[in-house]
Structure formats: structure tokens, C-alpha cells
Amino acid sequence: MRKLNINIWMYSFILLLISCEKTDIHESKINNSEQLTKTSDTEAKITLSNGNTIRFHKIDDGELQGAFILEESDCNECSVLNNITKIAGKELSEQEAFWALSEPGTEIPTFLQLKKDVIAAKNIELQDQGWARGVAVEFPIGNEGIPRRVIACKNSDFTSSIAYGFLGTPEFVELDKTPNNYNGFVNDCASVPASYCSKGPRYKLHAVMNKINKWKGKICAKSVQNSSNDHYSSNISGGYCQSPPCSSYVGPELYFEYYANGKWKSMKNPNGAYPEGFEVPANATKVYTYSWKTTKDTSFRLRVKNAMGQDQFDFMMDREDVVIEDDDDDNGGGGNDGGNGNDGSVIPNYISLSSGDKMIVDFTSLADDQPNPEITIPTFALETYFNNEGGIVIPDTFCEIKIVEASSFEWMNSSNQVVADNMFNQVPDLYNYEEYDEFYALGGIQFTGPLDNCDDNPVNWDFQFPLSNNSPTIFTESLKLVIQLNSNSEVTFLE
């Protein structure tokens, strides 16, 4: 009997333990769910089911009062702020946006609380907190199909929000900008650690709006990470590594700032000693949609830092008088170029210029919806395309690229290993190429393909002999062609 009582007691104890474990697991799930919306007296952050995050910040800086909204996404056409604007049929305040997107029952910070007369909206469904959490993340309002998450800044998707959406009709639109083709970017190597520039210059950009109390905009930023645009910075000092790993990624960083009491303050940490920004991960795209409102006029700034030559940016803003600064003066100088560059340059977005001596045709970082490889061309090889202002104007239509007086070439795979087989050749000296002697050096090597600028739009790529031994060229893996140029080399674009 005593043994039976002990068994019953042990069984009851085990049940109690199991019950406690289940309670802990349940509470953990609830806590994880609650993390989707974080609030305080001065800021709130909402994470939605499509991965977008929306930040609300209170501006409380003396006489300067207001609010800032920032949406972060990795999808060009997935702006929830844009979708709820179209659904509501009007411009929403920061209070209305938070009410629409926060989870039902979420505590509302004082600066985001709606007035009672606003809650009684024209559409009865707007009365419920969180009414847009489901409908606004499912699809881009006004577009058919399912949103695609892409690696590149696709112009048609990026600009799809300009009609009756969050941005209204933006007056400042600059697409396909890189530090290599847009003079708004300024070499910043003098003010960053030397290790940052060991693999090429780093650039900054300051876009400023002065004496306004409201500003909306959108920026798409792509970090292009490859061997010729390498963002990894060495941590080695004095011949040894002080804090392994011995290199770290330093990508382009975006700052959203306002000016108060003689100082620029980042919306990410307005009270911090040093401003913080948003870093774009390697070979990724981040899209930011933002809105500022203040009670009195001030200056607002969009700042890009640590960009490299091939990184890509698209900008849209609801005002045209944006000042693109060309120096460190917080409130001075500059202006937008109205084209691809202040020097009148016209360069396709998939072509980047370099100060090196290698031309690279890179298929290894090609996005699913990107028809063209990333093509890097040394500036000196484009001398025939310079205009009177020193800019470079590449023809509107071309189907073929020809390289004259190249020294050598080789194909490499995504691991940067040389590929030389029956299909793809490696020629270490085009001036002494077996029985062809210097024929292909002086006569040129060339290729055609489905380039954006090509009127005939051929379906297949054709890297003509000696570059490859098959026509059309068939790729069984992603490769990049590296062509060594010399001071006499010339690159031409043929229709």
C-alpha cells in the first residue's frame, strides 16, 4: 500500500512538471508574438508578416516637434505604407498608420494616439485597430500578381508607388545611380579608416532639404559585392590580427537625419553621441520609404556613407529642390545634375567604370530578373566616348561590345577559380597567340547578347572565338570573363 502511494505521488509530480513545461512554452510563444510590436513613449516598431518593419519616432527637440515614419523592406513593390494609402484613399497621418498596422490591443504611445473624432472614419473597417495588417501585405495595390523579392533595384517596381500612393507625384526622381556614374557621390576616403579604401574608394552622398516641415521619399539601395567591388575591410594591424576574423564587411550605410540646435541627428538614435544608420547587407537590396513632419521649418537630410563604385541607388522625393551637397557644409552648396551626371554622362545601369586595368563581364552575381551581367570597364578604354565636359556618353542602342588590344583573358567561376575547358578558353598572351600571332589583339575580341540597349534583342549570348568555342555560348554554370587591358586598349559599342 505504501509503495502504491509513493507511485501515485511520483505520477502526480511528473504531471505537475509537464504542466509547468507546457505553461513555459506557451508563455514563450506569446512573448515572441508580442515582440512583433515594440513601443515606448518616443518610438514604436512594427514587424509585419511579409518581413517589412515600420518605425515611428517622436521628434521632441525644443521648439521642434513632430514625427518620423520609416518603412524598411527588401522588396521594391512591397511598401505597406503605399498600400494602406491606396486602400484608405487619402494621406494617412502617423497616428492613423500606427492604428492601421499595430496588433489589436497594442498599447499606443501618446504621440501616436488618435483623436476620437478621427477613429470614426468614413469606412467602418478603419475603426478596428490593426485593420490593415492582413490586406496591406498581400499584394501591391494596383498591380497584378504576387510581389517578387529581387536582388536588383528594378525601375518599374520602384516607381510603381508614384501614382495615388504614399509619395503622391514625386518631383525628384533619380534612377540607376552609382558612385561611378553620378557626381552626387563624393570620394570620402579622407574621413574613413584607411582599411575601408584598401580595395577601392569609398563614397558618400548628402541629399538635403532646407526650410521645410514635411518631406516624403523613397530610396532603393543595392550593395554589389564581388571581387572588383569588395566591401570587406582588413582587421590586420602590425602584421597580425587583433580580433578574428581578420576581415569584416563594411557595406553602404543609409542615414535619415534632421537638423536641430546646430546639429544633425539620426532618426535611428536622435539622442546618441554618434548617429547610427542602416547598413545594406552584401548582395542584397533594401528599400526605405520615409515621411517627416515637424511643427516648424527645419532641414532634413538623406545621407549615404561607405558606398563603393558599383553599388546601386534609386531616389524618389516629393520635392524637386533637393540639394545634393558636394562638400561637408551641412547647409550649403550643390544641386542635382538633372541627368546621369553633372558632366553629362549617359551610362547603362549595368555598366560601371573603374580606375583599374581589367574589364570584367560578371554573370556570377546576376539576379533572377536581371538580363544583363555586371560589366566593369576601365575609364581610359572609353576615350572615344568622352564628351566636351569630360563625361562619358555610351550609345543608346548597341548589341555588341568589342575590345581592341587586350593583353589576355580568362574565365573564372563564382569561387574565383580559373575555368579552362573545351568550351571556354584561357589566353595568357593575345599578342603571341599560337598561329594567330597578334591577330586577335589588334583585330579585337568581341561578344553579343540580349543587352538592354540592343534593338535586335538577340536571345542568346555569343562570346566569339577565341573567347569561347561554342556559338551561341552555352553556360552550364555562372562565370565571369576577366580581360586584361593595357594603355592602348579600346572598348567600342557596336549596333
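The aromatic rings of Phe256 and Tyr290 sit tilted relative to each other, their planes meeting at an angle between 30° and 60°.
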Pair Lys204-Arg303, side-chain contact (heavy atoms from CB on, under 4.5 Å): steps then yes or no: CA-CA 7 Å; Lys204 66 181 179 181; Arg303 183 159 63 99; 5.9 Å; no

Full working for ring-ring contact (aromatic ring centres under 6.0 Å, His included) between Tyr385 and Phe493: CA-CA 10 Å; Tyr385 296 100; Phe493 303 91; 5.3 Å; yes

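Within the 4.5 Å cutoff, no side-chain heavy atoms of Thr298 are placed close to those of Trp292. Looking only at side-chain heavy atoms (C-beta outward), Ser227 and Met412 stay at 4.5 Å or farther from each other. Side-chain contact between Ser299 and Asn210: present, with at least one pair of heavy atoms (C-beta onward) separated by less than 4.5 Å.
More than 12 non-hydrogen atoms from other residues, nucleotides or ligands lie less than 6.0 angstrom from CD of Glu276.
Remark: Lys177 fails to qualify as a cation-pi partner of Phe185 under the 6.0 Å distance and 45° angle criteria applied to the six-membered ring.
Taking the six-membered ring where the residue is Trp, the centroids of Phe363 and Trp461 are separated by under 6.0 Å. Aromatic ring centroids of Phe68 and Tyr258 lie 6.0 Å or more apart.
Residues forming a salt bridge (Lys or Arg N to Asp or Glu O under 4.0 Å) with Lys58 (at least two apart in sequence, or on another chain): none. Residues passing the side-chain contact (heavy atoms from CB on, under 4.5 Å) test with Ser223, sequence neighbours excluded: His231, Tyr249, Pro252, Val280, Asp311.
Lys199 places a side-chain N or O within donor-acceptor distance of the main-chain N or O of Tyr232, the cut-off being under 3.5 Å. Between the Thr295 side chain and the Gln65 main chain, a donor and an acceptor come within less than 3.5 Å of each other. Listed for the Thr379 side chain is a donor-acceptor partner under 3.5 Å among the backbone atoms of Ser354. Using modelled atom types, no side-chain atom of Asn187 and backbone atom of Tyr203 make a donor-acceptor pair closer than 3.5 Å. When atom types are taken as modelled, the side chain of Gln113 and the backbone of Ile108 share a donor-acceptor pair closer than 3.5 angstrom. Checking side-chain atoms of Asp318 against main-chain N and O of Lys216 turns up a donor-acceptor pair under 3.5 Å. Between the Glu103 side chain and the Gly130 main chain, no donor and acceptor come within less than 3.5 Å of each other.
Between Lys305 and Glu257, none of the side-chain N atoms (NZ, or NE/NH1/NH2) sits under 4.0 Å from a carboxylate O, so this pair counts as no salt bridge.
Among residue pairs with one or both ends in residues 40-59, those qualifying as ring pair (Phe, Tyr, Trp, His ring centres under 6.0 Å) are Phe56-Phe98; sequence neighbours excluded.
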